[in-house]
Novice: 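Sharing a structure below in structure tokens format, with a few things to ask.
In this chain, residues are counted from 1 in sequence order. Remember, it's a predicted structure, so these values are computed and weren't measured experimentally.
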Amino acid sequence: QVQLVESGGGLVQPGGPLRLSCAASGSINSINAMGWYLQAPGKLRELDAVISSGGNTNYADIVKGRFTISRDNAKKPVYLQMNNLKPEDTAVYYCNAARSPLAIMTPFGSWGQGTQVTVSS
């Protein structure tokens with residue numbers, strides 16, 4: 001089992017930055033990709049960004065050019081640098097892990113509590 005802990009969320013003004021952190025623990029040897037997801041109230045969880053163990057990244061169109069996913073290394077914490085935040089970015093942000101980037105839509109980690117990001121003046 002893989003457990004995830006997200007942190008770094010908070011209240012930020014439109015246009016401001018935040019950096020989220022995600023730490024994975026447990027059976028992490030099978031992790032070859034990690035992703036960040038957002039979930040707004042009453043909506044499905046959506047994938048925002050993916051990073052592979054080799055450092056390749058992909059982004060959803062809604063965050064491309066504003067958000068950057070990164071990691072210390074494949075088995076250490078993963079981060080989401082969020083710039084130029086918009087009110088529509090308000091959501092709970094989660095991270096999770098997969099055996100490959102192609103499997104990131106069906107991650108195998110246990111969902112954590114997420115971290116709340118609220119963008120408001």
Novice: For atom CD of Gln1, decide whether the heavy atoms of other residues, nucleotides or ligands shown that lie under 6.0 angstrom number more than 12.
Specialist: no

Novice: Ignoring hydrogens and angles, tell me if any N or O in the side chain of Asn84 forms a donor-acceptor pair with the backbone of Arg66 under 3.5 Å.
Specialist: no

Novice: Give me the atom names and distance for the closest heavy-atom approach of Ile51 to Ser70.
Specialist: CD1-CA, 3.9 Å

Novice: Under a 3.5 Å distance rule, please check whether Arg99 uses its side chain to pair with a backbone N or O of Ala33 as donor and acceptor.
Specialist: no

Novice: Is there a path from Val12 to Phe67 through hydrophobic residues (I, L, V, M, F, W, Y) whose side chains come within less than 4.5 Å of each other?
Specialist: yes

Novice: For Lys86, give me all partners under salt bridge (Lys or Arg N to Asp or Glu O under 4.0 Å), at least two apart in sequence or on another chain.
Specialist: none

Novice: Would Leu85 and Leu18 satisfy side chain to side chain contact (heavy atoms under 4.5 Å, CB included), going step by step from the backbone distance to the final call?
Specialist: CA-CA 8 Å; Leu85 282 162; Leu18 279 176; 4.2 Å; yes

Novice: Side-chain contact test, heavy atoms from C-beta onward, threshold under 4.5 Å: evaluate it for Leu47 versus Ile104 and give yes or no.
Specialist: yes

Novice: Kindly state each residue pair satisfying side chain to side chain donor-acceptor pair (under 3.5 Å) with at least one member in residues 34-50, sequence neighbours excluded.
Specialist: none

Novice: Considering only heavy atoms from C-beta outward, does the side chain of Ser27 approach that of Phe108 to under 4.5 Å?
Specialist: no

Novice: Are the side chains of Val50 and Thr57 in touch, meaning some heavy atoms are under 4.5 Å apart?
Specialist: no

Novice: So Met82 and Leu20, do their side chains get closer than 4.5 Å, heavy atoms only?
Specialist: yes

Novice: Using a 4.5 Å cut-off on heavy atoms from C-beta on, say whether the side chain of Glu6 contacts that of Tyr94.
Specialist: yes

Novice: For a quick test of reading the model, state the closest non-hydrogen atom pair linking Val2 to Ala24 and the distance between them.
Specialist: CG1-CB, 4.2 Å

Novice: Using every non-hydrogen atom in the two residues, find where Ala91 and Ala40 come nearest and quote the distance to one decimal.
Specialist: CB-N, 4.0 Å

Novice: Any side chain to side chain donor-acceptor pair (under 3.5 Å) pairs touching residues 105-121, not counting sequence neighbours?
Specialist: Gln116-Thr118

Novice: Taking only residues at least two apart or on different chains, which pairs with a member in residues 81-121 satisfy disulfide bond (SG atoms under 2.5 Å apart)?
Specialist: Cys22-Cys95

Novice: Can you check whether Ile69 reaches Asn58 side chain to side chain, under 4.5 Å on heavy atoms?
Specialist: no

Novice: Could you identify which residues cluster with Val5, counting Ile, Leu, Val, Met, Phe, Trp and Tyr as linked when any side-chain heavy atoms lie under 4.5 Å apart, either directly or through a chain of such contacts?
Specialist: none

Novice: Are the side chains of Val119 and Val117 in contact, using a 4.5 Å heavy-atom criterion?
Specialist: yes

Novice: Do any pairs count as a side chain to side chain donor-acceptor pair (under 3.5 Å) and have a residue in residues 11-22, sequence neighbours left out, and if so which ones?
Specialist: none

Novice: Nearest 0.5 Å please: distance from the CG atom of Leu80 over to the CE atom of Met34.
Specialist: 11.5 Å

Novice: Minimum heavy-atom separation for Pro17 to Asn83, with atom names?
Specialist: CB-OD1, 3.5 Å

